[in-house]
There are 2 protein chains.
Amino acid sequence: MTNIVLSKSEENYLKSIYNLSDSGSKLVTTNSISKILNIEPASVSDMIKKLSKKNLIYHQKYKGTQISKNGIKIALQIIRKHRLWEVFLFEKLNFKWDEIHEVAEELEHVSSNQLIDNLDKYLKYPKIDPHGDPIPNKLGEIDFVDKISIYDLNIGQKGIVSRIINEDEEFFNLLNKLKIEIGTEVKIIDKIEYDSSIEILINNRSVIISKVVAENIKITKV
Amino acid sequence: MTNIVLSKSEENYLKSIYNLSDSGSKLVTTNSISKILNIEPASVSDMIKKLSKKNLIYHQKYKGTQISKNGIKIALQIIRKHRLWEVFLFEKLNFKWDEIHEVAEELEHVSSNQLIDNLDKYLKYPKIDPHGDPIPNKLGEIDFVDKISIYDLNIGQKGIVSRIINEDEEFFNLLNKLKIEIGTEVKIIDKIEYDSSIEILINNRSVIISKVVAENIKITKV
DNA sequence: TAATTAATTTAGGTATGTCTAAAATATTTT
DNA sequence: AAAATATTTTAGACATACCTAAATTAATTA
Ligand SMILES: [Mn+2]
Ligand SMILES: [Mn+2]
Ligand SMILES: [Mn+2]
Ligand SMILES: [Mn+2]
């Protein structure tokens, strides 16, 4: 139980690498990390060396980076903290959908196990965060996640919105406008060939959403 | 309303300088800052230069440091955050008296005005933290604080415990053992000349506490 | 396959916040 | 008022986490 202490930077890298790797399965490129963290590739190379030395990732020069078992464990704990804080901000402090992510990005680095476990209990052990993302438990166990988006449905099919991928403010504004939230039922009315946009039915209103938007809204088939 | 962004270090220095200065009235020595932050005097000198340049403190070489009006304003906001988080941890997350300070020391540096204002509202605008210290409001206004300790009472006088100065774990353990908390009534039975300790009555039990302990428990005269 | 382009790493540099050792100044003791 | 001691500052280093520019390697295109 030797609890390694990582810097805020190291934690952010680890979380990003985990997210980019599809839960640890894929190799991650230096450039992709650079883009997601807004840090130059040269600096990413530096940090990759550092995390490799700590055995949190494996790295082959010029080939790519893979997160280690231990790295995954730590990444999941950071994600757990991030999502629990998001629940807290949303449910208890009345933050809006698009306001929680940025603050959680800071709170996730406060390092106290007691803090996060008591918060978990206080929130009654939530299974998902306000965007529908699953919250790992204390042991790092995490629920299955819906992989089908609105874009994958056929005409006539129905789905319940279960997860919102993108956390941009712009995207949330659009969802608010469309009155789409976790639990909303959608039905595919038409698929428009011309620009791959999709006509859907929400609460008996018909709207057209672009392909990108449709792909960013995961659903459970009904 | 140009909100200056300070580093965690700068914030900690500013808070310490404010605390050491008796709310801004006294000059603060480099050594005293060094001791309280556990940082070498040479490093403190460096930071003093930095904060001076930002006009948060005034400094005369070899003479001492005074916190500026602006510095006080910022220090009070950090203290506000610290104490509100302590209330949250104590009341909502069931932390013990002696566990809250360390975690609040980290949470106080999360920089979101919305976060702290919503937290304040959620906690129903508490006036004091779990140690009895007053919480500055959004404008930095702070209530009068009791300056009389148990040690200052005469034999036969009564007081209500209003504030606990020291935040050491050891000290809290002692208070728990003595069953002293905020609101407890104490009455001075005797003053023991030999070692300046004091015999007091708590809930009809008589105990003897040392001078140091008596000085660290502030009271309101009854 | 050779040339070009893209991705990645290395080399060398900067700001921040700390340190130790030495110099400068202030305070206390004799 | 010297001398001794204590406090504070300066000088020079170091780790962290970034950067830009150049070198290396890989991938793509001609
Ligand atoms: Mn988020
Ligand atoms: Mn983060
Ligand atoms: Mn405290
Ligand atoms: Mn602090």
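- Under a 3.5 Å cut-off, the side chain of D133(A) and the backbone N or O of D129(A) do not form any donor-acceptor pair.
- Proximity of S45(B) to the phosphate of dT9(D): a side-chain N or O atom is located under 4.0 Å from OP1 or OP2.
- Residues meeting the ring-ring contact (aromatic ring centres under 6.0 Å, His included) test with H59(B), sequence neighbours left out: none.
- For the pair Q77(B) (side chain) and K138(B) (backbone), a donor-acceptor distance under 3.5 Å is present.
- Of all the residues in residues 6-13 of chain B, S7(B), S9(B), Y13(B) reach under 4.0 Å from DNA chain C with at least one non-hydrogen atom.
- Qualifying ring-ring contact (aromatic ring centres under 6.0 Å, His included) partners for F88(B), counting only residues two or more places apart in sequence or in other chains: F88(A), W85(B).
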Could you pull out all donor-acceptor pairs under 3.5 Å where a side-chain atom in residues 36-47 of chain B meets a protein atom, sequence neighbours excluded?
none

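- In this structure, E106(A) places its CD atom where more than 12 heavy-atom neighbours from other residues, nucleotides or ligands lie under 6.0 Å away.
- Among the nucleotides dT9(D), dT9(C), dT20(D), the one closest to any side-chain atom of E40(A) is dT20(D).
- H59(B) has a side-chain polar atom (N or O) that falls below the 4.0 Å cut-off from OP1 or OP2 of dT9(D).
- Of all the residues in residues 25-39 of chain A, T29(A), T30(A), N31(A) reach under 4.0 Å from DNA chain C with at least one non-hydrogen atom.
- Rounded to a whole Å, the NZ atom of K53(A) is 12 Å from the C1' atom of dA15(D).
- One N or O on the side chain of N216(B) and one on the backbone of V212(B) form a donor-acceptor pair closer than 3.5 Å.
- Between H131(A) and F90(A), the ring center distance fails the sub-6.0 Å criterion.
- Atom CD1 of I48(A) is separated from atom C1' of dT16(D) by 17 Å (rounded to the nearest Å).
- Between K15(A) and E105(A), at least one side-chain nitrogen of the basic residue sits less than 4.0 Å from a carboxylate oxygen of the acidic one, meeting the salt-bridge criterion.
- Protein atom CE of M47(B) is 16 Å distant from nucleotide atom P of dT10(D), rounded to whole Å.
- For dT9(C), the OP1/OP2 oxygens have no side-chain nitrogen or oxygen of K49(A) closer than 4.0 Å.
- Rounded to an integer number of Å, the gap from CG of D46(B) to P of dA11(D) is 11 Å.
- Taking only side-chain atoms of A42(B), from C-beta outward, the nucleotide of dT9(D), dC19(D), dA26(D) with the closest atom is dT9(D).
- Geometric assessment of K73(A) against the ring of Y18(A) yields a negative cation-pi assignment under the 6.0 Å and 45° thresholds.
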With the criterion being N/O to N/O and under 3.5 Å, what pairs connect the protein with nucleotides 22-25 of chain D, and how long is each?
residue, atom, partner, partner atom, Å
dT24(D), O2, Y62(A), OH, 3.3

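- Under a 4.0 Å N-O distance rule, the pair D152(B)/K147(B) does not qualify as a salt bridge.
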